[in-house]
Amino acid sequence: MSNYKLLTPGPLTTTVTVKQEMLEDRCTWDDDYKNITQHIRQQLLALAHVDEADYTTVLMQGSGSFVVESVLTTAISDEDKILILTNGAYGERIVEMAQALKLQHIVYSVPYNKQPSALEVQAFLEKDASITHVAVVHCETTTGILNPIKEIGEVVHSFHKTFIVDAMSSFGGVPMNIADLHIDFCISSANKCIQGVPGFGFVIAKIEALQQCKGHARSVALDLYSQWEVMQKDGKWRFTSPTHVVVAFAKAMEELREEGGIEARFKRYAHNNALLRSRLAALGFTPYISEALQSPIITTFLFPDKTFSFEHFYQEMKKAGFVIYPGKLTDVDTFRIGNIGDVHEEDMLALCEVVENYMAVKK
Ligand SMILES: *Cc1c(COP(=O)(O)O)cnc(C)c1O
């Protein structure tokens with residue numbers, strides 16, 4: 001069995017105890033199992049700092065993208081129009097989904113190393129009164145940039161529009177109050193900062209917004225409203241639920257509490273990230289995103305020089321027990337290192353040492 005630390009944006013390194021939960025088979029219509037689902041749903045509301053009277057959680061099978069698509073197809077009717085903000089591949093994926101679903105949409109796009117501006121969003125909303133929804137990615141995992149959802153949320157709220165946030169790679173790792181941020185649909189998945197294994201995602205939805213979505217979905221399986229209707233009764237999933245993944249997730253949530261909650265996890269990630277940035281900077285690796293805009297989730301580094309071979313570097317890192325991630329930019333040569341998962345200071349220190357030795361031999 002390999003024992004790599006996955007320094008990737010998910011699936012990521014999980015604890016042995018999370019993996020062990022999957023050794024037991026569970027029955028989907030048994031009360032014990034349904035209660036686990038209900039407990040997860042409640043706990044997610046607590047992590048989001050929202051009230052059960054105003055918000056609900058819907059779990060949905062599939063990877064994160066399935067859940068994003070389920071929100072888009074369910075929340076946006078044929079009469080609605082969505083403004084999509086993009087500064088990376090995940091924002092662009094939302095656009096691709098809007099095209100496939102034939103949603104009325106417009107795109108506000110900025111370069112990958114820039115944040116979208118709340119003022120510009122305001123200008124879009126002033127100019128086009130037919131816009132009903134705004135969607136943005138919180139942490140653009142493409143680069144690791146963190147987008148200003150607070151400022152954007154205030155504008156969206158002041159225009160009484162529906163706010164959709166892809167917080168896939170940040171929820172659970174970056175403290176957020178979903179109600180204060182005016183988010184109507186907050187999307188994340190099991191295999192990111194909660195540190196579970198892949199297989200489902202979840203939506204923390206404002207009940208008032210979700211209630212208006214009946215019958216909109218252009219899909220049976222991805223109908224978030226129907227999923228909610230069924231799950232709301234007693235915690236039974238509408239179709240086969242990923243039982244092993246669900247119990248592993250429940251364990252991962254327990255471990256998040258034991259760690260000290262999202263604040264403590266954020267501190268660990270941020271510390272790991274700061275360590276990585278400073279030690280690699282000393283070796284000539286420049287981060288693509290400026291420090292002020294950088295998330296603690298994942299960092300994109302430029303190649304240090306023309307002779308740098310990512311393939312060789314990757315293989316050497318892997319031999320030392322670390323799996324890193326290729327870049328996703330077309331105009332510059334980059335690679336990425338993730339900080340999320342069961343990765344601690346000693347792992348980061350060991351990684352930095354391996355990179356330092358690599359660069360010393362390379363010279
Ligand atoms: C991981 C991720 C997704 C979902 O990707 P999947 O491969 O479908 O799990 C969506 N948005 C962001 C920002 C992500 O980091």
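For ligands, and for the atoms within them, numbers begin at 1 and follow the listed sequence.
Aromatic ring orientation, Phe310 versus Phe303: parallel (interplanar angle below 30°, classes split at 30° and 60°).
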List ligand 1's nitrogen or oxygen atoms that come under 3.5 Å of a protein nitrogen or oxygen, with the partner atom and distance.
from     : atom 1 : to     : atom 2 : distance (Å)
ligand 1 : 8 (O)  : Ser63  : OG     : 2.5
ligand 1 : 8 (O)  : Gly64  : N      : 3.4
ligand 1 : 8 (O)  : Ser65  : N      : 2.8
ligand 1 : 8 (O)  : Ser65  : OG     : 2.6
ligand 1 : 9 (O)  : Gly64  : N      : 3.1
ligand 1 : 11 (N) : Asp166 : OD1    : 3.3
ligand 1 : 11 (N) : Asp166 : OD2    : 2.7
ligand 1 : 15 (O) : Thr141 : OG1    : 2.5
ligand 1 : 15 (O) : Lys192 : NZ     : 2.7

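The existence of a salt bridge linking Glu263 and Lys267 is excluded, since no basic side-chain nitrogen approaches an acidic carboxylate oxygen closer than 4.0 Å. Using a 4.0 Å cut-off between charged nitrogen and carboxylate oxygen, Glu316 and Lys319 count as a salt-bridge pair. Ion pairing between Arg257 and Glu254 fails under the 4.0 Å rule for side-chain N and carboxylate O. Checked for salt-bridge contact, Lys81 and Asp128 meet the test: a charged N lies under 4.0 Å from a carboxylate O.
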Could you go through residues 284-294 and list every donor-acceptor pair under 3.5 Å that involves a side-chain atom there, pairing it with any protein atom two or more places apart or in another chain?
from   : atom 1 : to     : atom 2 : distance (Å)
Gln294 : OE1    : Arg277 : NH1    : 2.8
Gln294 : NE2    : Ile298 : O      : 2.7
Gln294 : NE2    : Thr299 : OG1    : 3.4

